[in-house]
Amino acid sequence: MVLGFVKAAGVENTLLGSDLGQANNPLPVDAYARMVRGLLDAGVSKEDVRRLIADNPADLLGI
């Protein structure tokens with residue numbers, strides 16, 4: 001599902017975030033690891049995954 005959104009909007013226009021960490025939800029680190037593994041397994045390049053989880057959010061925050 002995430003991959004469809006990424007393809008529709010483009011990697012350059014997408015970042016991945018979460019509201020995980022509440023009771024009965026996975027820990028954010030565990031969920032991110034699964035999300036990244038799923039993207040890589042679906043054929044998303046390492047460079048694009050880095051852009052989604054690190055570069056695009058940093059750009060948005062100006063850091």
Side-chain angles (χ1 to χ4, degrees):
M1 184 167 174
V2 170
L3 190 55
F5 290 116
V6 172
K7 286 183 179 180
V11 172
E12 66 281 357
N13 298 312
T14 306
L15 61 89
L16 301 179
S18 84
D19 59 350
L20 296 165
Q22 307 88 359
N24 302 316
N25 280 335
L27 294 173
V29 172
D30 296 333
Y32 261 82
R34 286 196 313 238
M35 183 172 49
V36 166
R37 174 52 42 210
L39 290 167
L40 293 170
D41 289 348
V44 178
S45 71
K46 289 180 183 180
E47 293 81 13
D48 283 349
V49 170
R50 178 176 173 81
R51 189 162 188 184
L52 291 167
I53 65 171
D55 298 340
N56 289 348
D59 289 346
L60 181 66
L61 294 171
I63 54 175

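All heavy atoms count here, side chains included; hydrogens, waters and symmetry mates do not. Small disclaimer: the values here were computed from a predicted structure and weren't measured.
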Within residues 5-14 or reaching into it, pairs that qualify as side chain to side chain donor-acceptor pair (under 3.5 Å) - sequence neighbours excluded: none
Residues which pass side-chain hydrogen bond (donor to acceptor under 3.5 Å, both in side chains) with D30, listed by chain and number, not counting sequence neighbours: none
Residues forming a side-chain contact (heavy atoms from CB on, under 4.5 Å) with V49, sequence neighbours excluded: V36, L39, L40, V44, I53
Residues clustered with L61, ILVMFWY side-chain links under 4.5 angstrom: I63
Which residues share a side-chain hydrogen bond (donor to acceptor under 3.5 Å, both in side chains) with D41, sequence neighbours left out: R37
Pairwise distance CD(E47) to CG(L52) - rounded to 0.5 angstrom: 11.5 Å
Hydrophobic cluster partners of V29 (side-chain heavy atoms under 4.5 Å): none
From V11, D55, V6, residue fulfilling side chain to side chain contact (heavy atoms under 4.5 Å, CB included) relative to D48: V11
D59: partners by salt bridge (charged side-chain N to carboxylate O under 4.0 Å, His left out), with sequence neighbours left out: none
Side-chain donor-acceptor contacts of residues 20-28 below 3.5 Å, not counting sequence neighbours, with atom names and distances?
{"from": "Q22", "atom 1": "OE1", "to": "N25", "atom 2": "ND2", "distance (Å)": "2.6"}
{"from": "Q22", "atom 1": "NE2", "to": "D19", "atom 2": "O", "distance (Å)": "2.2"}

